[in-house]
Amino acid sequence: MHEIRLRTDRRTQLLDITGAVQDAVNGNGDISAALIFVPHTTAGVTINEHADPAVARDFEAALEKMVGDDWGWQHIEEGEENAPSHIRASLMSPQVLVPVSDGRLALGTWQGIFFCEFDGPRERKVYVSALR
């Protein structure tokens, strides 16, 4: 397993981690897929277009509108008012599975892998496991 460490800058932020994931699978021999897993309850991972950075910003805005901060949340801890962050993370996923062919992530032309932050800024981890 390979660990990718990230630092996010905003409460809601999508970071393109495609290059870091590719680096993690390089040199792993004959593998068939990579499992990318986020071990946080207020973050996730997704695959979407990474050619235009506006797509990530649109995702950030849409998720904030779909799950509003001003709802009557019950999960309220002083200093950790992050109930909507948990819901947003569950709308994404804690993991994605990407096929690997000839040592390369088998993503479509426009696809990239994004770490999805919903409770930042924070230090975060992403785990990449090569599957045989």
Side-chain angles (χ1 to χ4, degrees):
M1 182 178 74
H2 180 84
E3 181 179 283
I4 299 169
R5 291 185 171 266
L6 305 169
R7 172 79 185 152
T8 59
D9 301 320
R10 301 187 307 276
R11 177 152 191 231
T12 301
Q13 182 177 9
L14 269 67
L15 294 174
D16 186 348
I17 60 169
T18 310
V21 173
Q22 180 62 58
D23 290 346
V25 300
N26 285 343
N28 275 313
D30 189 29
I31 64 172
S32 62
L35 175 66
I36 300 94
F37 177 77
V38 174
H40 307 288
T41 61
T42 57
V45 65
T46 193
I47 295 173
N48 213 291
E49 180 184 329
H50 72 146
D52 181 356
V55 173
R57 291 192 301 274
D58 288 343
F59 252 94
E60 294 165 3
L63 287 162
E64 287 179 345
K65 287 181 182 177
M66 288 173 24
V67 181
D69 287 333
D70 58 349
W71 293 1
W73 298 105
Q74 296 182 35
H75 170 69
I76 301 171
E77 299 173 26
E78 190 171 329
E80 289 287 326
E81 294 81 12
N82 64 2
S85 301
H86 291 284
I87 307 304
R88 292 171 187 148
S90 288
L91 290 172
M92 303 313 279
S93 177
Q95 78 273 325
V96 294
L97 184 64
V98 179
V100 175
S101 177
D102 295 324
R104 303 289 308 163
L105 297 169
L107 294 167
T109 302
W110 307 110
Q111 288 182 318
I113 303 166
F114 290 89
F115 174 82
C116 307
E117 174 66 80
F118 301 114
D119 196 24
R122 289 183 183 261
E123 298 284 333
R124 297 294 200 167
K125 298 176 187 174
V126 176
Y127 299 135
V128 180
S129 291
L131 305 177
R132 303 209 184 288

Point to revise | Worked verdict on Ile113 versus Leu105 for side-chain contact (heavy atoms from CB on, under 4.5 Å) | key: CA-CA 10 Å; Ile113 303 166; Leu105 297 169; 4.0 Å; yes
**Study point:** Minimum heavy-atom distance between Glu123 and Arg7, given as atom pair plus value
**Key:** OE2-CD, 2.9 Å
Review point. In Å, rounded to the nearest 0.5 Å, how long is the span from CZ of Phe115 to CG of Leu15?
Key: 7.0 Å
Revision key, fill the gap. Glu49 meets the side-chain hydrogen bond (donor to acceptor under 3.5 Å, both in side chains) criterion, sequence neighbours left out, with none
Exercise for review: With sequence neighbours excluded, tell me which residues meet side chain to side chain contact (heavy atoms under 4.5 Å, CB included) with Val67.
Suggested key: Trp71, Trp73, Pro84, Ile87, Arg88, Leu91
Exercise for review: Mind checking the CD1-CG spacing from Ile47 to Leu107? Nearest 0.5 Å is all I need.
Suggested key: 5.5 Å
Check your understanding: Quick one: salt bridge (charged side-chain N to carboxylate O under 4.0 Å, His left out) pairs with a partner in residues 95-115, sequence neighbours left out?
Key -> none
Which pairs of donor and acceptor atoms, one on a side chain in residues 55-62, lie under 3.5 Å apart (sequence neighbours left out)?
| unit_1 | atom_1 | unit_2 | atom_2 | d |
| --- | --- | --- | --- | --- |
| Glu60 | OE1 | Arg10 | NH2 | 3.0 |
| Glu60 | OE2 | Arg10 | NH2 | 2.9 |
| Glu60 | OE2 | Leu14 | N | 2.8 |

Exercise for review: Check side chain to side chain contact (heavy atoms under 4.5 Å, CB included) between Ala33 and all other residues, then give those that pass, not counting sequence neighbours.
Suggested key: Leu97, Leu131
Check your understanding: Is Phe114 linked to Ile17 within one hydrophobic cluster, defined over Ile, Leu, Val, Met, Phe, Trp and Tyr using a side-chain heavy-atom separation of less than 4.5 Å?
Key -> no
Check your understanding: Which pairs with one or both residues in residues 82-111 pass ring pair (Phe, Tyr, Trp, His ring centres under 6.0 Å), sequence neighbours excluded?
Key -> His75-His86
Study note, to complete from the structure: side-chain hydrogen bond (donor to acceptor under 3.5 Å, both in side chains) filter on Asn26, not counting sequence neighbours, yields Gln22
Exercise for review: List in chain and number order the residues that pass side chain to side chain contact (heavy atoms under 4.5 Å, CB included) with Ala89, two or more places apart in sequence or in another chain; answer none if no residue qualifies.
Suggested key: Phe118
**Study point:** Qualifying residues under side-chain hydrogen bond (donor to acceptor under 3.5 Å, both in side chains), relative to Glu3, sequence neighbours excluded
**Key:** Arg5
Review point. According to the side chain to side chain donor-acceptor pair (under 3.5 Å) rule, which pairs have a member within residues 11-21, sequence neighbours left out?
Key: Arg11-Asp69, Arg11-Ser85, Thr12-Glu64, Asp16-Thr18, Asp16-His50
Revision key, fill the gap. When rounded to the nearest 0.5 Å, the distance separating CG of Asn82 from OG1 of Thr42 is 6.0 Å
Check your understanding: What's in the same ILVMFWY side-chain cluster as Phe37, cut-off under 4.5 Å, chained through other members?
Key -> Met1, Tyr127
Check your understanding: Does atom CG of Asp30 have more than 12 heavy-atom neighbours, drawn from other residues, nucleotides or ligands, at distances under 6.0 Å?
Key -> no
Check your understanding: If you look at every heavy atom in Asn28 and Ile31, which pair is closest and at what distance?
Key -> O-CG2, 3.3 Å
Point to revise | Nearest-0.5 Å distance, CD1 of residue Ile4 to CG of residue Asp23 | key: 8.0 Å
Review point. Quick one: side-chain hydrogen bond (donor to acceptor under 3.5 Å, both in side chains) partners of Thr8, sequence neighbours excluded?
Key: Glu117
Review point. For Met92, which of Leu63, Val38, Val45 qualifies under side-chain contact (heavy atoms from CB on, under 4.5 Å)?
Key: Leu63
